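One structure is given below, encoded as structure tokens.
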Amino acid sequence: MYRRHKRYKVIAALLLFAMAQLAMQIAFAASTSPTPNAAPIPQQFIARLTTKNNQPITVNGNSAATGASIVTGATIETGADQSATVNLGSLGTLDIAPNTKLVLTYDENGHIKVTLIYGCAVVAAKKKTTAEVGTEQGGTAAKTDSAKGGIIDICFPAGAAAPTVGQGAAAAAGAGAGAGAAAAGSSAGGLFGIGLPATIAIATLGTLAAATPIVAFQNNPSGV
Amino acid sequence: MLPDNSQRVGAIVRPPISVLGIVVCLLLIVWSGQYGLSRVLGRYALLTHSISAAAEAVRLTPWDPDAHRALSTTFREVHMFREAEREVALAASLRPNDDLLWLDLGTARDQLEDAQGALSAFDQAVTRAPYYAHTRWERANVRLRMGRYDEAFAELREAAKSNRMYLSTLIDLAWGLSRGDAKETEQLAGIESANSRVEFARFLALKGEGTETLEQYKQAESCFTEVQKRQLVQSLMAAHEYEAAFAIWSGADSKSSIYDGGFEGVISFDEVGFGWHVPRAQSNIEVSLDTSEKESGSKSIRVAYKGDSPPESPVLTQTVVVKPNQTYRIYFAVKANNIVSGGLPVFAVNDARSNTVLSITNLPENDGAWEKRTLEFTTAPTCQAIALSLKRKQCQSSPCPIFGTIWLDGFAIEELKL
């Protein structure tokens, strides 16, 4: 009888130990990061950035490259030789030229607003979207018709009195992530169809690479 | 003498082995030539965005993932996203342990608005480089755009923990998505450590959120360097958040007082905050502390005018925190020596936010003893701070020179109970 009691005690102690171990494991496995938002964030559309050659640009003072998320109200700035495209999904796209600073706001109800501080941009609004482009001082410079959609090309160089709208100046200034590379796909003759200058450049590179050891070993004392 | 057996076998075997060796060598030469040329073409293609060159590189070495990657990049640059995705998928299949190729594939699929495909590619990138922040950051951005906010922010926080470079962008994203809610931003961005509080306080100050900035500052006060503290004060003052700026600057709650009203301390050109501010570049004006002339204490401030200077530019200023709808009286002492000008010196009190003049007094011109002056004014309902300044009246003509010396001392402010 006494022996059986002892056995129960051992089993109970073992069970207690096992449960304590489990409790500890669970406690350690719990996430250390704080419980996120008590009030969940309402679902909203978030735009996507693509930059030319994946070069970083500035969004709200931070560096951002292709794949970055752009929320409404963002201040986007490009430097010289940097351009970008913001994909606004069902609303349209915004192409930004080099040396541009603007504020982009949008909503799910089909509104895009671009406030150009300086530089050039092209807004392409899809149907059921109203795109509005303007400057800080001058208010709205152009607006698209939501029934048709449309494209607005606007340039407002630093120090200019008023923006230039619809004259293709922004496109000419290289707005958009794909700007400046459009002609690259064409075949231009030469070796492998890469063009004569390229063929000459590659051949020169190859010749130089091959000639380097010959020139270098000209004075080799052990040479025959 | 007849050759023995081994010599005979050698004579038979040697020529084919030599031929085989030569063939192998030739093949190796051809392959290495192809490989080298392919690499040169690939690099050339990337530099010049030439699809033809990149395609030729792929034709020469179809087994080389770098050639496919170069072709993919050139396709992407001319917005041929489908082709770009196909090529980088081939590259990733040829070198599956390279996280950068999976990242490129994820980006290409994201560009095609194939969020699920992008996510699976980014999953592979994270598996291949689990301790790097960039893989998690890219994946989290896709999740964010898919509306999976909890998962996205958990991963963004992890990425920012392992690479602090991402913290400011994380705070900015959280701020944007929470529509400017500081509490929610704090939770979403996982602001827990002292370093992250420093960054968050800096962000809030730039946004002009005075109360929240002060709250974050108090929670990590000892971790702020003097430079960071000055930046906070500067940002808050620029946003007209004077109470919070004063609390950070002085380490005390706001109380209407003039700092160093007797000019007994040191005055520096780069003063940021609520002390006396003297602009560094002032033409024909000398500002100095004077121990020989004083109304009280051991020093006064001496302003010597020596020619033409812009009348509206203040020579000496101080911002003082005040209560709205409150009447105040400011006391000070002044002494002059041969002031001659078309635009004589004045001392003014302005609303720091709106710049509205609340009170102004003319200063003496001729030699004499110290004079006591008072300025009385009532603040507007929105007024948080006032700006005291020594400047000049507008001139009728330009240029407008001024000569002579002014001494100021014994500034004090009193809250009047009416």
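The structure presented is a predicted model; accordingly, all values stated were derived computationally and were not measured. So that the names make sense, note that chain A is the first sequence line, chain B the second, and so on, each numbered from 1. Side-chain atoms are counted along with the backbone in the values below, which use heavy atoms only and exclude waters and symmetry mates.
At a 4.5 Å heavy-atom cutoff, the contact between B:Gln111 and chain A is made by backbone and side-chain atoms alike. Of the two parts of A:Ala64, neither the backbone nor the side chain holds a non-hydrogen atom closer than 4.5 Å to a non-hydrogen atom of chain B. For A:Ala74, no part lies under 4.5 angstrom from a heavy atom of chain B.
If you tally non-hydrogen atom pairs under 4.5 Å between each of A:Asn54, A:Asn60, A:Val59 and chain B, the highest count goes to A:Asn60. With chain A as partner, the option from B:Lys183, B:Glu138, B:Arg179, B:Met80 having the largest number of non-hydrogen pairs under 4.5 angstrom is B:Arg179. Counting heavy-atom pairs closer than 4.5 Å to chain A, the top-ranked of the candidates B:Thr73, B:Leu206, B:Thr107 is B:Thr107.
Note that CD1 of A:Ile41 and CG of B:Leu177 are 5.5 Å apart. Values are rounded to the nearest 0.5 Å. Atom CG of B:Asp172 and atom CG of A:Asn62 lie 5.5 Å apart (nearest 0.5 Å). Here the straight-line distance linking atom OG1 of A:Thr85 with atom NE2 of B:His79 works out to 5.0 Å at 0.5 Å rounding. Atom CZ of B:Arg148 and atom CD of A:Gln43 lie 11.0 Å apart (nearest 0.5 Å).
The backbone N or O of A:Asn53 sits nowhere less than 3.5 Å from a side-chain atom of B:Glu77 that would complete a donor-acceptor pair. Checked by atom type and distance alone, the side chain of B:Asn141 pairs as donor or acceptor with a backbone atom of A:Ser69 at under 3.5 Å.
At most 12 heavy atoms of other shown residues, nucleotides or ligands fall within 6.0 angstrom of atom NZ in A:Lys113. For A:Lys143, the NZ atom counts as loosely surrounded, since its 6.0 Å shell holds 12 or fewer non-hydrogen atoms of other residues, nucleotides or ligands. The environment of OH in B:Tyr132 is sparse: at most 12 heavy-atom neighbours from other residues, nucleotides or ligands sit within 6.0 Å. Around CD1 of A:Ile151, the count of heavy atoms belonging to other residues, nucleotides or ligands within 6.0 Å does not exceed 12.
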Output, in order, the C-alpha distance, side-chain angles, deciding distance and verdict of side-chain contact (heavy atoms from CB on, under 4.5 Å) for A:Arg48 and B:Glu113.
CA-CA 10 Å; A:Arg48 182 184 186 277; B:Glu113 293 175 20; over 6 Å; no

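B:Tyr149 is listed as a side-chain neighbour of A:Ile46, based on a closest heavy-atom distance under 4.5 Å.
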